[in-house]
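Protein chains get the first letters and strands the later ones, always in sequence-line order, with residue 1 at the start of each.
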Amino acid sequence: MADDLRKQFNLVKKQLFDKLYSRLNEKQREAVYSVNGPLLVLAGAGSGKTTVLVNRIAHILSFGNLYGDDGAVNVDVELLAKAQSLLENGAATEIRAFLSVLAEDKPQPYELLCITFTNKAANEFKARLENILGENSKELWSGTFHSVCVRILRRHIELLGYNSDFTIYDTDDTKRIITDIYKELDLSEDALAPRTASNEISRAKESSMLPDEYEIYAGNDSRLNTVAKIYRRYQHSLKMANALDFDDIILLTLKLFDEYPEVLDKYRNRFKYISVDEYQDTNLTQNRLVLMLSSKHCNVCVVGDDDQSIYSFRGATVENILSFDKAFRNCRTIRLEQNYRSTQNILSAANAIIGNNTLRKGKNLWTDKGAGERILLKKQYTQSEEAGYIVSYIREQVMHNNAKYSDFAVLYRLNALSNALEIIFSKSRIPYRVFGGTRFYERKEIKDILAYLAVINNPSDNVRIKRILNVPKRGIGNTTSVAIYDLAEREGKSVYDVIKDAAFYPEIQKSASKLDGFCSLMAELRELSQTITPSELIKSVIERTKYRDMVLASDEPERAENLDELVSAAMMFEENAEDASLAAFLADIALVTDVDNYDTDANAVTLMTVHSSKGLEFPTVFLPAFEDGIFPSTQAIMSGSTAALEEERRLAYVAVTRAKEHLVISHTGTRLLYGQTTQNPLSRFVEEIPKNLVTIEQSVKTVYNNVSEAKRKYVSSQQSFIKNVTKTPAESKPAVEQFEVGARVDHFSFGKGTVKKLTPMGGDVLYEIEFDRADVGVKKLMGSFAKLRRS
DNA sequence: ATGGGGCTGCTTTTT
DNA sequence: GCAGCCCCAT
């Protein structure tokens, strides 16, 4: 009898929940209800992923385990009656209140961890939760992998021999260190590009390889051994400076957990529920971190879309999402395929494009919105025409169709493409905002002031001291600077300590008075920093170092405005942050990105890269420069690697799925990029869109350029990545056939051979070819001169 | 030590 | 096309 009652009640209870979440579809609800155990949500573009995540977290906090059959209470007739009446005619708030009271074992907000891809996503997340749950949801831990790890490291990093005032180095700092190491070890940049070395180190760190292990991995390979040497030095420099790079933030957190199980226990006990968004963009160490943190309660929900994995170049691996169900055998998988964003035509185009990828789980987006408009494919003669078309299209829609500027976005493959667009946009008086390019925190004057703050916060920060030692000019030149760094290395001291005792070292005695001046300035500021807020400190730094005077006297005095903007940024930070210390401010800005400042309210057209647009949506999207050689990029085409091309295709998929109603793809006859005029054929990805979804328009001028389908196909396959050196099409070089790695070729005098390697050079390609004839062997040949034929 | 002039090289994408 | 680098002259 009691059993019966319970069964009945459970049924009504579930119906109540369904009513509460009636705005969600069945799959979405299923995800919300799957509270316990590992959960993988494969969420297609625009499938309401964020809604699901937010609702799921809110659900966990409000109702804990209540949805499950064993999740409640003493059931009596009265309770059942109440539930039934609510089901009949209860308001959402009543149902919510009723269920909430029944729930036992509700977790506290601080027992939940939500990892998002950007800080902005994290903040939105919190805001939406607060809307549903009110103030106390603030305690929830949400942030990016990096911000969460920094928070953990701040508390425990002393166990690993670092000071908790550590500095976070960005790619620019990293580059400076690597450059210094090249000089120190007398390495040639031609043999191994610094950026390659730096990338290689980053990859090593992303797979938890420390210098010792990397050395073993390098084996006899001389190139890798050089990297190993650089890596070791690099890590040493960071340690000496009490600094962490982006990879270290994750890596050291893992190390902390590995070496101090009691610290790991603290956190894995604490986080009863973990969710991770954009899982397709996690790397190996991040994946390990998730597995470690969830190893106690195993309530881990990861959300992602393998088709939107676009960060493998920085170590993200789709493998994490593809093998999540192997890491957790009892994992439940839910697919969200209904799209709420785009029209069917746009989705069909996206599906058709992504369908050409082989390495995917497979998904098919659909909508009940109807076909909508066709995709517009526009060919222009020049890029200014292309930009002009976009501008006039927007103006037309705003003037006559009641559109807002913020309904439009222009998404491009390369930041370099934004220039031509910006020129036209700024002439047109259409409000627009550009994301990316030189970002606010990467401006020289901002980085200089931040360097002062970093050194105030962490005097061992050798890299940042170098940046400001003679900025503004105070008579400390290169010779002195080099001597100081040599001394610091020799004495095993920090650069700051050497400067402090300048009079003591004969090598730098001459400059001792100037160095003393620098030191007392820094000491004074450091003293100040104990008593005033970051924004006030910034003002003091700007004035006392005479930095503002320097900027005002320069040929770009308007840069002083940026200094004021930095002060405002700090004030904003102070208003919102729980911990408004200098260290916290520095950590915060080290981890923000441009997209974090993306303001959805501003009524302006958005210009950004496709990468930055992930997660956003716009009624109308323009995709200029959809050309082979740009999208997909030259390097992806030339590498001949399927994986690289498939990543480009995923990127195209992301681009197309940003559009809600109108999609305008365009390409041009000639394009000026990096100071060179290029002629690129239409992107191969456009060829993958079924013709019945597309309307093709050409500007009048380009009609003469129209060629037969067959010829265009030929050009597209043969000439795709040639950058023409000359300005006019008439003078351009004839197409030279290109070969991929592994291709069999025939040379008029060397005979047959196999392409082993290719390197882009100027508008040409350098091939390394292993010829069959033993007396010829391996030869390096330039593509345009070698007269190679496919054999 | 500083400032200017000419050069090269570099162009995915970013936490 | 341009920024940042190096080298040279002051």
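- When the P atom of B:dT15 is taken as reference, atom CD1 of A:Ile589 falls 14 Å away, rounded to whole Å.
- Taking only side-chain atoms of A:Leu672, from C-beta outward, the nucleotide of B:dT2, B:dT14, C:dG1 with the closest atom is C:dG1.
- Taking atom CD of A:Gln286 as the reference point, atom P of B:dT14 lies 16 Å away to the nearest angstrom.
- Among the nucleotides B:dT14, C:dC6, C:dC5, the one closest to the side chain of A:Lys183 is C:dC6.
- One finds no salt bridge joining A:Arg360 and A:Asp306 here, because no Lys/Arg side-chain nitrogen approaches an Asp/Glu carboxylate oxygen to under 4.0 Å.
- Proximity note for A:Thr144 (side chain, C-beta onward) versus B:dT13, B:dT2, B:dT15: the nearest is B:dT15.
- Annotation: of the two residues near DNA chain B, A:Arg195 and A:Gly477, the 5′-most nearest-nucleotide partner is A:Gly477.
- A sub-4.0 Å separation between OP1 or OP2 of B:dA1 and a side-chain N or O of A:Thr480 is present.
- Between A:Phe257 and A:Tyr267, the angle of the ring planes lies from 30° to 60°, which puts this pair in the tilted group.
- With distances taken from any side-chain atom of A:Phe246 to the nucleotides B:dT15, B:dT14, B:dA1, the minimum falls on B:dT15.
- If you check every strand for non-hydrogen atoms under 4.0 Å, A:Asn478 touches sugar and phosphate atoms only.
- Closest contact between the side chain of A:Lys473 and the listed nucleotides B:dT14, C:dC5, B:dT2 involves B:dT2.
- Distance, A:Tyr412 OH to B:dT14 P: 10 Å, rounded to whole Å.
- Residue contacts shown for A:Ser147 are absent, as no nucleic acid heavy atom lies under 4.0 Å away.
- Exactly one residue among A:Phe631, A:Tyr311, A:Tyr412 makes a ring-ring contact (aromatic ring centres under 6.0 Å, His included) with A:His611. That residue is A:Tyr311.
- Nucleic acid contact for A:Asn470: sugar-phosphate only, since backbone atoms but no base atoms lie under 4.0 Å from a heavy atom of the residue.
- Applying the 4.0 Å criterion to OP1 and OP2 of B:dT14, one finds that A:Thr609 has a side-chain N or O inside that range.
- Of the listed nucleotides (C:dC5, B:dT15, B:dT13), B:dT13 has the atom at the smallest distance from the side chain of A:Phe313.
- DNA chain B is contacted by both A:Ile476 and A:Thr171; A:Ile476 maps to the nucleotide lying nearer its 5′ end (nearest heavy atom per residue).
- Distance CG (A:Leu414) to P (C:dC2): 17 Å, rounded to an integer number of Å.
- For A:Asn415, counting side-chain heavy atoms from C-beta on, the closest listed nucleotide (B:dT15, B:dT14, B:dA1) is B:dT14.
- When the P atom of B:dT15 is taken as reference, atom CZ of A:Arg151 falls 20 Å away, rounded to whole Å.
- Salt bridge present: A:Glu206 and A:Arg203 bring a charged side-chain N and a carboxylate O closer than 4.0 Å.
- Note that CD1 of A:Ile249 is 10.0 Å distant from NZ of A:Lys205, once rounded to the nearest 0.5 Å.
- Residue A:Phe145 is classed as having no contact, given no heavy-atom separation below 4.0 Å to the nucleic acid.
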